[in-house]
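Throughout, a chain's letter reflects where its sequence line sits, starting with A, and its residues are numbered from 1.
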There are 2 protein chains.
Amino acid sequence: MSRVTIRDVAEASAVSIATVSRVLNGLHRGDPAVRRRVLQVARQLNYRPNTFARRLAKGSTESLGIVMNAIRPTTDYYGDILQGVEEEARRNGYNLYFSVVYPYLRALGTEEVPKGILDNSVDGLIYAGEMRPDLYERIKEASLPLVIVNSYVEGEDVECVMSDNFGGAYEAVRWLIGLGHRRIACIVCGRGEVPSVRERVEGYRQALSDAGISYEGEVLVDGYSPEDGYKATEELLKLQDPPTAIFGTVDEVAIGAIKCAKGAGLRVPEDLSVLGVNDLDIARLCEPPLTTVRIFRREMGRVAVRRLLELIREPSRKPARTDVPCELVHRESCAGPRD
Amino acid sequence: MSRVTIRDVAEASAVSIATVSRVLNGLHRGDPAVRRRVLQVARQLNYRPNTFARRLAKGSTESLGIVMNAIRPTTDYYGDILQGVEEEARRNGYNLYFSVVYPYLRALGTEEVPKGILDNSVDGLIYAGEMRPDLYERIKEASLPLVIVNSYVEGEDVECVMSDNFGGAYEAVRWLIGLGHRRIACIVCGRGEVPSVRERVEGYRQALSDAGISYEGEVLVDGYSPEDGYKATEELLKLQDPPTAIFGTVDEVAIGAIKCAKGAGLRVPEDLSVLGVNDLDIARLCEPPLTTVRIFRREMGRVAVRRLLELIREPSRKPARTDVPCELVHRESCAGPRD
DNA sequence: CTGAAAGCGCTTACAG
DNA sequence: CTGAAAGCGCTTACAG
């Protein structure tokens with residue numbers, strides 16, 4: 001690219017490269033006229049320092065890496081996290097390397113790990129989504145500072161940023177109970193195997209039991225799609241004691257539940273209340289608009305970067321979990337039960 | 001991070017650092033036993049070459065940058081482009097720097113340009129979205145190889161990757177005409193000021209004029225949201241000769257149009273056909289599911305990387321435009337007109 | 001084939 | 001305060 005180096009600037013300003021370096025780094029304490037001259041020459045020559053030389057000399061990369069493990073990193077969920085991470089990284093003067101872990105590569109038995117992320121080109125790593133064990137091992141080997149977003153590693157002491165899944169679910173279901181509902185069902189995505197969903201289910205259970213309610217309304221589904229929610233709702237409506245409200249552990253299944261209910265001739269929310277989690281864009285657009293537990297995804301991304309920078313500065317710090325609070329968003333898919 | 005250098009590996013294997021370097025780069029032609037030994041020692045020592053030293057020595061960065069200019073880079077549209085770019089960059093052994101240009105920074109008068117992207121840390125740049133003039137100037141100054149996705153710079157010779165907006169719109173509207181529609185309206189997002197929308201409108205017009213139809217049905221709206229589509233449709237339905245079909249230049253406005261029509265007591269598609277462009281996730285989920293012109297966003301991202309690598313290898317190549325073909329996706333929001 | 005050495009473009013003690 | 005010099009960790013002609 002640009003072929004002008006610090007040497008060119010030094011010659012043209014009649015000073016040493018050391019002085020140029022100092023001026024450019026704001027470390028120059030001498031004659032202001034010299035300072036001004038160097039700056040002007042640098043601008044004139046369109047000088048751009050070589051990042052790699054600088055990093056080699058300084059020993060720090062001034063870069064972070066983000067790795068996302070999501071079938072599709074383009075949904076609101078991961079996309080918003082990414083944006084939060086980018087914002088906060090930039091605010092702190094860090095570049096950001098972006099990479100994706102493709103689940104299908106694992107299926108193929110490939111050990112593919114993002115090139116350049118584990119090879120010293122980064123001061124620390126943010127990992128969003130379910131952690132792959134092989135990757136975790138490599139990160140540990142490299143003793144790379146790490147923050148996981150929206151997941152963690154069972155039995156390992158690792159820094160992570162989550163939303164307050166338990167609290168959010170608990171509040172939401174308690175509110176449903178306050179509306180008069182007793183028969184509240186729960187659609188459990190991914191068979192409840194993922195931490196975030198599991199925690200939401202726990203919040204749901206706790207709210208019921210704190211209210212002295214016992215109701216057998218949990219349905220496990222494999223995925224996270226409207227179709228999954230649809231099927232689960234079909235089952236639920238066949239129950240001898242069908243629910244008056246459904247808590248979907250994810251907006252998508254809640255939307256599938258609405259579709260199914262409407263197809264069965266039920267009105268939402270008059271005949272059936274439906275509640276989601278996440279507040280994706282579609283939650284606002286569906287009919288009726290979905291009442292849901294909002295998760296502050298960008299904030300989670302920002303917090304993750306802050307934690308990571310702390311970890312980089314103080315590697316001995318004990319890893320901890322940070323919960324970003326949720327918020328119940330009232331829209332039109334919930335009301336009191338009729339009976 | 002890792003403190004073991006090529007020198008350590010050399011000592012432990014009793015060879016020179018030159019040999020280690022050759023072995024590690026697959027350039028070693030000597031004794032296979034030596035090769036094996038070096039490799040083994042490197043693994044044992046958990047040696048990771050310092051990327052920055054390597055890049056400084058080689059003179060190439062093996063990195064690309066992607067800059068996205070979107071209010072929210074997390075929608076399907078830009079998210080999918082990003083994923084395509086990441087895939088193809090990785091496939092070619094390149095790291096990817098990610099950055100966002102925030103429109104509000106421009107509004108604030110800030111000249112904020114992604115740090116580290118223009119300062120030699122990248123071999124080339126992919127820019128998705130509307131190009132900011134100040135940024136374009138800086139990229140030109142740095143003579144950084146550039147590919148723009150989903151936009152271009154008026155009057156400048158710049159490599160770009162677009163979807164075939166004209167062709168996609170043309171085919172879609174022609175199909176609507178084949179169904180028997182004559183009064184086909186068009187909701188023009190962003191007042192038609194953005195290239196992609198403008199091209200879609202041109203395709204719409206051409207299809208009408210090729211069929212000998214003249215109908216005054218274009219409505220300009222400011223944004224790209226369902227609300228914009230809703231308002232536009234209110235206007236259209238008040239017309240003395242209301243349309244029997246509406247072509248939304250973007251899925252979101254098409255969805256707003258459906259909502260408005262249903263609210264006004266019209267059935268979709270029986271009383272009004274609605275057509276979108278993009279095939280976002282919501283197109284499948286709304287009611288009725290939206291017939292739309294699918295844009296292959298990931299493919300656009302992949303193509304952009306290929307073009308960029310060509311440009312890097314052959315900087316004298318004349319910049320050109322690549323169109324990724326679209327595809328009409330038939331769902332349930334369109335039918336023949338009643339009258 | 002292999003090693004000693006120069007060089008990539010910076011930063012930063014170290015003298016002066 | 002400022003310059004000459006060493007050093008960051010690699011790659012790669014250049015000799016041998």
Side-chain angles (χ1 to χ4, degrees), chain A residues 1-39 41-42 45-63 93 95 115-116 119-123 142, chain B residues 1-39 41-42 45-63 93 95 115-116 119-123 142:
Chain A
M1 293 329 85
S2 142
R3 333 220 74 204
V4 18
T5 76
I6 199 174
R7 195 146 265 120
D8 299 315
V9 179
E11 274 175 29
S13 340
V15 295
S16 72
I17 63 168
T19 298
V20 174
S21 174
R22 290 194 191 101
V23 168
L24 261 26
N25 287 302
L27 265 34
H28 179 83
R29 299 276 149 249
D31 186 358
V34 170
R35 221 183 104 260
R36 232 168 296 134
R37 180 150 42 92
V38 170
L39 250 21
V41 167
L45 263 43
N46 194 18
Y47 168 67
R48 299 173 191 289
N50 180 311
T51 324
F52 299 112
R54 158 178 293 180
R55 288 177 189 167
L56 178 57
K58 294 196 76 149
S60 110
T61 76
E62 301 175 301
S63 300
N95 290 130
K115 182 182 173 268
D119 62 359
N120 293 332
S121 50
V122 125
D123 289 337
Chain B
M1 293 330 80
S2 143
R3 334 220 73 202
V4 19
T5 75
I6 198 172
R7 194 147 266 119
D8 300 314
V9 179
E11 273 174 31
S13 340
V15 294
S16 71
I17 63 168
T19 297
V20 174
S21 173
R22 290 193 191 103
V23 168
L24 262 26
N25 287 300
L27 266 33
H28 179 83
R29 299 278 147 246
D31 186 356
V34 169
R35 220 182 104 258
R36 232 168 296 135
R37 179 151 43 94
V38 169
L39 250 21
V41 168
L45 263 45
N46 195 19
Y47 169 65
R48 300 174 191 287
N50 180 310
T51 325
F52 299 112
R54 159 179 290 180
R55 288 178 189 167
L56 179 58
K58 294 195 75 149
S60 108
T61 76
E62 301 175 301
S63 301
N95 290 130
K115 181 179 173 274
D119 61 359
N120 293 332
S121 52
V122 125
D123 288 338

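- With sequence neighbours excluded, the residues that form a side chain to side chain contact (heavy atoms under 4.5 Å, CB included) with Ala53(B) are Leu56(A), Asn50(B).
- In this structure, the NZ atom of Lys58(B) is 15 Å from the C1' atom of dG7(C), given to the nearest Å.
- Sorted by first then second residue, the side chain to side chain donor-acceptor pair (under 3.5 Å) pairs that include residues 7-20 of chain B, not counting sequence neighbours, are Ser16(B)-Thr19(B).
- Helical stems of DNA chain C (runs of at least 3 Watson-Crick or G-U pairs, donor-acceptor distances under 3.5 Å) are listed by first residue: C:1-3 with D:14-16, C:5-12 with D:5-12, C:14-16 with D:1-3.
- More than 12 heavy atoms of other residues, nucleotides or ligands shown are found within 6.0 angstrom of CZ on Arg37(B).
- Between Thr5(A) and the phosphate of dG9(C), there is no side-chain N or O to OP1/OP2 separation shorter than 4.0 Å.
- Residues Thr51(B) and Phe52(A) have side chains not in contact (no heavy-atom distance under 4.5 Å, counting atoms from C-beta outward).
- Separating the CZ atom of Arg7(B) from the C1' atom of dG9(D) is a distance of 8 Å, rounded to the nearest angstrom.
- With the nearest nucleotide of DNA chain C identified for both Ala57(B) and Ile17(B), Ile17(B) has the one nearer the 5' end.
- If you take CZ of Phe52(A) and P of dT11(D), they are 14 Å apart, rounded to a whole angstrom.
- Taking atom CD1 of Ile6(B) as the reference point, atom P of dC8(D) lies 14 Å away to the nearest angstrom.
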Practice problem: Tell me, with the steps shown, if Asn46(B) and Val4(B) meet side chain to side chain contact (heavy atoms under 4.5 Å, CB included). | Solution: CA-CA 8 Å; Asn46(B) 195 19; Val4(B) 19; 5.5 Å; no
Practice problem: For the pair Tyr47(A) and Val41(A), evaluate side chain to side chain contact (heavy atoms under 4.5 Å, CB included) and give the outcome as yes or no after the intermediate values. | Solution: CA-CA 8 Å; Tyr47(A) 168 67; Val41(A) 167; over 6 Å; no
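- In this structure, CZ of Arg55(B) is placed 15 Å from C1' of dT11(D), rounded to the nearest angstrom.
- Under the side-chain hydrogen bond (donor to acceptor under 3.5 Å, both in side chains) criterion, Ser63(B) pairs with no residue, sequence neighbours left out.
- Remark: Asp123(A) CG to Asn95(A) CG distance equals 10.5 Å, nearest 0.5 Å.
- If you take CD of Glu11(A) and C1' of dG3(D), they are 15 Å apart, rounded to a whole angstrom.
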Anything under 3.5 Å between a donor and an acceptor, one on a side chain of residues 20-29 of chain A, the other on a protein residue two or more places apart or in another chain? List them.
residue, atom, partner, partner atom, Å
Ser21(A), OG, Asn25(A), ND2, 3.4
Asn25(A), OD1, Arg54(A), NH2, 3.4
Asn25(A), ND2, Ser21(A), O, 2.9
His28(A), NE2, Gly30(A), N, 3.3
His28(A), NE2, Asp31(A), O, 3.4
Arg29(A), NH2, Gly26(A), O, 3.3

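- Going from atom CZ of Arg48(A) over to atom P of dG9(C) covers 16 Å, rounded to whole Å.
- The distance from atom CG of Asn50(A) to atom P of dG9(C) is 7 Å, rounded to the nearest whole Å.
- Minimum atom distance to the side chain of Ala18(B) is reached by dT12(D), of the listed dT12(D), dC10(C), dC8(C).
- Proximity of residues 19-37 of chain A to DNA chain C (heavy atom under 4.0 angstrom from any strand atom) is restricted to Ser21(A), Arg22(A), Asn25(A).
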